[in-house]
Amino acid sequence: MSRVSMNTARSAKLGWLVAAALGLLSAPAQAEFGRLLATGGLTNIEGAGGGGIVPWATLASYADQQQWGATLAFNVADVDDYQLQVGAATVTYDNRWEFSYARHNFELKQLGGELKQSIYGLKYRLAGDVIYGAMPQVSIGLQHKRSGDFSLPQALGAASANGTDLYVSATKAWLDGPWHRTWLANLTVRGTRANELGLLGFGGDLHNNYQWVAEASVAMFVNRHWVVGMEYRQKPDNLSFAKEQDWYDIFVGWFPSKRVAVALAYTDLDAIAGAAGQTGVYGSLQISF
């Protein structure tokens, strides 16, 4: 498929999602949407419920006890030399289980070509609640990642095409925090072998074992529909050809209704595969059912 055809297809996909979101804005919320607005969070770049680059202990959608819920999301991260497009879907049940799938298309804008990856996720809420009680909501999760083409990661020194991340997240919101605003904080600890989320394979000539890394988010709700925040994500360093860098973002989220969530962020990915100065924008659109 030519580059023009690929860009046309992507534009059509994004246009369809935007049209669907605008239509849902005017639709009445379902009566079974019992949880508070924004408690489902967004869909992160690996398909899990949470922020943009960090999964939270929250579960996607607004499904409460004995209810099913679902989300569809489209995310784009566009930096100097690369563009990551993510299509994702989640199904949740009983405010306890989350099942997710995400598809990565990682475009090498300067070199040409794409890397693809599929991510199958599972999250389980262990205890606590993000809003009620003193204890934070605590969830465990896994993300099984499968590379679409291992030739480039293998040439760069990656040990394997597939891998599984394990993580534990704790998330808590305070309804009357500083300046009488609602605040949210999240801490995630992840065990991983992934190189650049798995897009460059798993393990390498420096390390081929699981490493534990930290990820964090903090956010303040300006009002019940708008939120601003920051995220930070550590990354392992497995390949000798290029040092892997930690990631940061500053985001604005908009929750016009329980059906639609939108986020826009400034993203600093530092260096990817030796290409420095990878800063740009990140956008996310999520539709809940």
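Just so you know, these numbers come straight off a predicted model, no measurement behind them. We count residues from 1, following the sequence as given.
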Measure the [atom1]-[atom2] distance between [X] and [Y] for me, rounded to the nearest 0.5 Å.
| X | Y | atom1 | atom2 | answer |
| --- | --- | --- | --- | --- |
| Thr164 | Arg146 | OG1 | CZ | 9.0 Å |
| Asn186 | Lys172 | CG | NZ | 13.0 Å |
| Leu175 | Leu184 | CG | CG | 10.5 Å |
| Glu215 | Ile53 | CD | CD1 | 8.0 Å |
| Arg96 | Gln67 | CZ | CD | 14.0 Å |

What verdict does the side-chain contact (heavy atoms from CB on, under 4.5 Å) test give for Leu42 and Phe255, after you've listed the backbone C-alpha separation in whole Å, the side-chain angles of each residue and the deciding distance to 0.1 Å? CA-CA 10 Å; Leu42 299 162; Phe255 298 86; 4.1 Å; yes

Is any side-chain heavy atom of [X] less than 4.5 Å from a side-chain heavy atom of [Y]?
| X | Y | result |
| --- | --- | --- |
| Tyr101 | Val91 | no |
| Gln211 | Asn238 | yes |
| Ser169 | Trp56 | no |
| Tyr82 | Leu269 | no |
| Tyr282 | Leu84 | no |
| Val218 | Trp183 | yes |
| Leu285 | Val260 | yes |
| Gln143 | Tyr167 | yes |

May I ask you to check whether [X] and [Y] show a side-chain donor-acceptor distance below 3.5 Å?
| X | Y | result |
| --- | --- | --- |
| Glu98 | Thr92 | no |
| Arg103 | Ser118 | yes |
| Tyr62 | Thr39 | no |
| Thr90 | Thr71 | yes |

So, the side chain of [X] versus the backbone of [Y]: is there a donor-acceptor pair under 3.5 Å, distance only?
| X | Y | value |
| --- | --- | --- |
| Asp246 | Lys235 | yes |
| Thr188 | Pro55 | yes |
| His225 | Leu37 | no |
| Asp165 | Arg190 | no |
| Glu244 | Glu196 | yes |
| Lys109 | Asp81 | no |
| Lys123 | Gly49 | yes |
| Gln154 | Leu152 | no |
| Arg125 | Ser139 | no |
| Asn75 | Ser284 | no |

Can you say whether the rings of Trp68 and Tyr93 are parallel (under 30°), tilted (30 to 60°) or perpendicular (over 60°)? tilted

Tyr248 and Tyr232 aromatic ring geometry - parallel, tilted or perpendicular at 30°/60° bounds: tilted

Show your reasoning for whether side-chain contact (heavy atoms from CB on, under 4.5 Å) applies to Asn208 and Arg193. CA-CA 7 Å; Asn208 193 26; Arg193 297 170 52 241; 2.7 Å; yes

Evaluation steps, side-chain contact (heavy atoms from CB on, under 4.5 Å), between Val54 and Asn44: CA-CA 6 Å; Val54 177; Asn44 92 320; 5.7 Å; no

Could you tell me which non-hydrogen atom of Ala158 sits nearest to which non-hydrogen atom of Leu239, and how far apart they are? N-CD2, 3.7 Å

Using the side chain to side chain contact (heavy atoms under 4.5 Å, CB included) criterion, which residues pair with Phe99? Sequence neighbours excluded. Trp97, Leu122

Asp268 vs Gln245, side chain to side chain donor-acceptor pair (under 3.5 Å): CA-CA, chis, key distance, verdict: CA-CA 10 Å; Asp268 185 350; Gln245 305 293 329; over 6 Å; no

Stepwise side-chain contact (heavy atoms from CB on, under 4.5 Å) check, Val76 with Gln83: CA-CA 7 Å; Val76 177; Gln83 184 182 90; 4.0 Å; yes

